[in-house]
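In what follows, every chain begins at residue 1, and chains take the letters A, B, ... in the order their sequences are listed.
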There are 2 protein chains.
Amino acid sequence: MKKLVTLKQISKELDISISTVSKAIRNHKEISLDTRKKVQAFAKLHNYRPNSIAVSLKNQRTKNIGVIIPEIVHHFFTTVIEGIEKVANSRGYNVIVCLSSESFEKEVVNMQTLVNGSIDGFLVSLSKGTQAKKDYHHLNEVMDQGMPLVMFDRVVDDIDCDKTIVDDTQAAFEAVSFLLETGCRKIALITTVDYVSVGKLRTEGYEKALQKQGIPIEPNLTIKIEDIENCEILINQLFDSQHFDGVFAVNEYFAVVAMKIAQKRGFKIPDDISFIGFTDGILSKCATPSLSSIAQHGTEMGEISAKMLIDRLEEKEDEFTHLTQIIKTTLVERESTKRLS
Amino acid sequence: MKKLVTLKQISKELDISISTVSKAIRNHKEISLDTRKKVQAFAKLHNYRPNSIAVSLKNQRTKNIGVIIPEIVHHFFTTVIEGIEKVANSRGYNVIVCLSSESFEKEVVNMQTLVNGSIDGFLVSLSKGTQAKKDYHHLNEVMDQGMPLVMFDRVVDDIDCDKTIVDDTQAAFEAVSFLLETGCRKIALITTVDYVSVGKLRTEGYEKALQKQGIPIEPNLTIKIEDIENCEILINQLFDSQHFDGVFAVNEYFAVVAMKIAQKRGFKIPDDISFIGFTDGILSKCATPSLSSIAQHGTEMGEISAKMLIDRLEEKEDEFTHLTQIIKTTLVERESTKRLS
DNA sequence: TTGAAAGCGCTAACAG
DNA sequence: CTGTTAGCGCTTTCAA
């Protein structure tokens with residue numbers, strides 16, 4: 001068990017001053033080629049690596065970025081992380097992931113423990129708790145301290161920072177319009193409670209699409225789900241009380257659950273009822289029938305968010321203007337919808 | 001934009017020595033109650049938080065743990081991370097996640113960049129690349145430096161460290177035995193290439209179960225998949241060339257893909273063919289028919305792994321004995337298998 | 001009860 | 001070309 005070697009030890013061993021060693025290792029040209037060679041050889045032999053904590057303290061930057069997400073067991077967030085990791089690593093940053101578990105309190109605690117020097121900047125997607133409470137003081141504090149913050153997906157207008165989002169309203173509009181084009185006339189909406197930003201926006205898109213075609217919005221065709229656990233119950237109630245020939249759901253899970261219920265009740269998909277979900281993940285591909293779905297391109301969202309953050313950290317961005325990047329969505333057609341003739 | 005306040009600033013502001021401030025803030029009883037109150041009030045007012053980098057450098061411990069996983073877009077690994085996060089956070093640790101993307105090189109680089117002071121210990125699950133190469137020098141180096149290492153799920157015998165695994169062989173044995181009990185006689189196996197440790201172990205369990213019932217092992221009933229991308233092709237070939245009444249797959253994705261293909265070919269599940277998968281995730285629940293599956297309890301694996309690591313970091317564990325914790329699996333029966341009468 | 005000083009490992013300005 | 005020194009923010013002797 002040989003502990004990591006330090007500059008001090010090398011310096012003593014070779015009887016060269018510590019600062020000369022430091023420079024020699026980094027191949028500073030003001031050090032003679034002789035000593036450089038000697039020091040580098042010794043360093044390599046003993047497998048010297050600069051202690052990153054010391055470097056962080058010295059440089060006042062850690063090369064770590066903090067990511068706060070509501071849940072990790074969501075395929076969408078997973079793909080976002082994948083994208084973040086990819087660009088962060090390629091630019092020499094590590095990723096510290098914290099889960100808020102949809103709780104306001106956990107989100108605050110997580111951010112507070114990271115803000116004290118552990119990271120150089122934040123990437124955050126708000127918890128439901130925070131969105132319900134509308135309390136953003138923790139975000140403001142972080143910004144006040146001059147720490148860059150990029151919000152993604154679940155963002156909020158009240159905070160002035162860089163953001164990466166999908167045009168949820170537009171995407172929902174297109175999905176519902178597609179259902180209408182394929183002949184659906186009564187389209188049910190399975191969404192979340194209103195305080196979840198993306199749920200609300202997608203609901204708006206749904207309504208716009210209907211309005212555009214002059215189809216009245218029937219409140220009874222909409223269900224707003226709070227807890228994922230009891231979504232089956234609510235969806236069953238919807239089937240009990242209403243008739244419809246199309247379903248638009250704000251995530252793939254709701255859509256797939258609804259499809260299973262529909263099939264159990266003897267409906268043919270897509271002949272009797274068509275389905276479109278949001279978040280194109282494995283579930284959409286593997287469902288039977290496979291689910292037409294709006295791809296949010298999470299990986300891309302992660303990549304862009306990380307790039308925005310790191311650019312700002314490295315001051316490649318103007319200090320005061322904040323951008324909002326909008327990721328294009330794609331409607332992926334599969335078996336759960338009729339084909340446009 | 002007010003930067004974080006430091007001890008030095010407080011000390012200057014209050015005209016008290018820096019060390020007194022430090023002690024006062026931590027409520028050291030050797031400081032008079034008066035100054036303690038005063039300092040603490042000032043600290044709270046200015047929202048003082050000790051700089052964690054400085055503390056890390058001083059204490060030679062970071063309260064960070066590094067997690068290296070092959071992929072994050074796998075439901076199983078996601079649940080493991082969830083478990084790790086849960087216990088890490090509750091014990092005051094942050095989690096730094098790195099993805100090896102199944103590549104040996106990335107795994108090595110990731111570990112090297114974290115080992116230099118960023119973290120106190122490692123939690124790793126090997127990449128396919130590493131398992132194929134059988135090169136574990138990076139793991140040994142970490143151990144040599146005295147940095148605790150816990151391996152989970154994809155482990156290897158050659159490294160002497162704490163481990164958390166599932167009894168893959170036994171679990172596969174039970175799954176296949178179950179298929180046999182429900183009347184299957186020709187059971188196909190969809191597995192990975194042999195160098196993936198868990199794939200190999202599950203294959204062994206499959207063979208044992210057949211042997212126990214005196215059923216000959218037919219090599220043609222087994223397919224070993226390397227790239228997930230072309231699994232459909234291989235599975236289709238299997239259906240083309242063989243007849244069977246049961247399928248055991250080493251993950252839920254293979255199982256679900258196989259079910260879809262079977263249904264397309266007109267087979268009834270489970271009447272004509274029964275299916276069991278490994279890794280009980282959303283896919284198993286949402287498939288049509290829902291898939292009987294072996295639950296690996298990833299969250300629990302994450303929790304236990306993190307606990308082992310942190311216990312060792314905090315020296316609650318004997319220095320030299322290494323444990324291997326085995327997580328019990330559960331066979332979750334769903335619609336893809338016949339019921340035992 | 002308070003404070004000065006050393007030191008964690010490193011970098012960089014400045015002197016020699 | 002090399003070395004001395006100071007300092008990043010904090011804790012911890014040890015001395016006053």
Side-chain angles (χ1 to χ4, degrees), chain A residues 2-40 42-43 46-64 113-120 145-146, chain B residues 2-40 42-43 46-64 113-120 145-146:
Chain A
K2 37 171 194 208
K3 277 269 167 203
L4 280 179
V5 121
T6 68
L7 285 190
K8 200 188 206 177
Q9 288 162 21
I10 300 185
S11 134
K12 197 189 291 178
E13 222 47 65
L14 258 41
D15 200 39
I16 301 180
S17 94
I18 190 168
S19 66
T20 305
V21 173
S22 168
K23 289 172 191 157
I25 281 178
R26 283 167 309 149
N27 217 23
H28 234 286
K29 56 302 226 122
E30 71 180 37
I31 304 296
S32 75
L33 215 108
D34 243 29
T35 38
R36 267 191 277 166
K37 289 267 174 259
K38 190 168 63 176
V39 172
Q40 285 171 12
F42 189 93
H46 291 266
N47 198 27
Y48 170 80
R49 305 271 166 212
N51 178 308
S52 56
I53 291 291
V55 175
S56 293
L57 183 59
K58 179 71 197 169
N59 298 344
Q60 302 288 64
R61 55 210 313 285
T62 61
K63 290 273 196 170
N64 288 159
T113 90
L114 290 187
V115 84
N116 317 130
S118 297
I119 58 166
D120 296 338
Q145 283 172 22
Chain B
K2 36 169 194 209
K3 279 267 167 204
L4 279 180
V5 120
T6 68
L7 285 189
K8 201 189 207 174
Q9 289 162 18
I10 301 186
S11 133
K12 196 189 292 177
E13 220 51 61
L14 258 42
D15 200 41
I16 302 182
S17 94
I18 190 169
S19 64
T20 303
V21 173
S22 168
K23 289 171 191 158
I25 282 178
R26 282 168 311 147
N27 218 22
H28 234 287
K29 53 316 220 114
E30 73 180 36
I31 304 297
S32 73
L33 216 108
D34 243 27
T35 40
R36 266 191 277 166
K37 289 268 174 259
K38 189 168 60 175
V39 172
Q40 285 170 12
F42 189 94
H46 291 265
N47 197 27
Y48 170 80
R49 304 272 165 211
N51 178 310
S52 56
I53 291 291
V55 175
S56 293
L57 183 60
K58 180 72 196 171
N59 298 345
Q60 303 288 64
R61 54 209 316 283
T62 62
K63 289 277 198 164
N64 287 159
T113 89
L114 289 187
V115 84
N116 318 129
S118 297
I119 58 165
D120 297 337
Q145 283 172 20

Next on the checklist: Without decimals, in angstroms, what is the distance between B:Asn116 CG and C:dC10 C1'?
Outcome noted: 13 Å
Item to check | Residue-phosphate contact under 4.0 Å: A:Tyr48 side-chain N/O, C:dG9 OP1/OP2 | outcome: no
Next on the checklist: At a heavy-atom distance below 4.0 Å, what parts of residues 3-15 of chain B sit against DNA chain D?
Outcome noted: B:Thr6, B:Leu7, B:Lys8
Checklist outcome for this item: Rounded to whole Å, the CD1-P distance (A:Ile16 to D:dG3) equals 7 Å
Checklist outcome for this item: Note: for B:Ile18 and B:Leu33 on DNA chain C, the residue whose nearest nucleotide lies more 5' is B:Leu33
Next on the checklist: Tell me the bend of the helix from C:dT1-D:dA16 to C:dG16-D:dC1 as the angle between end helix axes, each from five pairs, rounded to the nearest 10 degrees.
Outcome noted: 60°
Checklist entry - So, does B:Asn59 use its side chain to make a donor-acceptor pair with the main chain of B:Arg61 at under 3.5 Å? => result no
Checklist entry - Do A:Ile10 and A:His46 come within less than 4.5 Å of each other through their side chains, counting heavy atoms only? => result no
Checklist entry - Can you check whether A:Thr113 reaches B:Lys63 side chain to side chain, under 4.5 Å on heavy atoms? => result no
Next on the checklist: Does B:Ser19 reach a base, just sugar-phosphate, or nothing at all? Heavy atoms under 4.0 Å.
Outcome noted: base
Item to check | Those residues that, when tested against A:Thr6, pass side chain to side chain donor-acceptor pair (under 3.5 Å) (two or more places apart) | outcome: none
Next on the checklist: If I take atom CD1 in residue B:Ile25 and atom P in nucleotide D:dT12, what distance separates them, rounded to the nearest angstrom?
Outcome noted: 14 Å
Item to check | Side chains of B:Thr20 and B:Ile31 in contact at under 4.5 Å (non-hydrogen atoms) | outcome: yes
Checklist entry - So do the side chains of B:Val115 and B:Gln145 get within less than 4.5 Å of each other, counting heavy atoms only? => result yes
Checklist entry - So, is A:Ser17 near the phosphate of D:dT2, with a side-chain N or O under 4.0 Å from OP1 or OP2? => result no
Next on the checklist: At 4.0 Å (heavy atoms only), tell me whether B:Ser22 reaches a base, stays on the sugar-phosphate, or touches nothing.
Outcome noted: base
Checklist entry - Which of residues 51-64 of chain B sit near DNA chain D, with a heavy atom under 4.0 Å from it? => result B:Asn51, B:Ala54, B:Val55, B:Lys58
Next on the checklist: Tell me the closest heavy-atom pair linking B:Ser32 and B:Thr35, and the distance in Å.
Outcome noted: OG-OG1, 2.7 Å
Checklist outcome for this item: Tightest non-hydrogen contact, residues A:Ala43 and A:Ile25, listed as CB-CD1, 4.1 Å
Item to check | Heavy-atom closest contact (A:Val55 atom, A:Pro50 atom, distance) | outcome: CG2-CB, 4.2 Å
Find every protein N or O atom lying less than 3.5 Å from an N or O atom of nucleotides 14-16 of chain C, and list the pairs.
none

Next on the checklist: Rounding to an integer number of Å, can you tell me how far B:Arg49 CZ sits from D:dC10 P?
Outcome noted: 13 Å
Next on the checklist: Within the structure provided, determine whether A:Val5 and A:Glu13 are in side-chain contact (heavy-atom separation under 4.5 Å).
Outcome noted: no
Next on the checklist: Under 4.0 Å from OP1 or OP2 of C:dA12: is there any side-chain N or O of A:Arg26 that close?
Outcome noted: yes
Checklist outcome for this item: Of B:Leu4, B:Val21, B:Val39, B:Leu7, the one forming a side-chain contact (heavy atoms from CB on, under 4.5 Å) with B:Tyr48 is B:Leu7
Checklist entry - Can you name the residues that form a side chain to side chain donor-acceptor pair (under 3.5 Å) with B:Asn27, not counting sequence neighbours? => result B:Arg36, B:Gln40
Next on the checklist: If you compare all heavy atoms of B:Ser118 against all heavy atoms of A:Ser52, which two are closest, and at what distance to 0.1 Å?
Outcome noted: OG-OG, 3.0 Å
Next on the checklist: Measuring to OP1 and OP2 of D:dT2, would you say a side-chain N or O of A:Ser32 lies under 4.0 angstrom away?
Outcome noted: yes
Checklist entry - Of the non-hydrogen atoms in A:Thr62 and A:Asp120, which two are nearest, and what is the gap between them? => result N-OD1, 2.7 Å
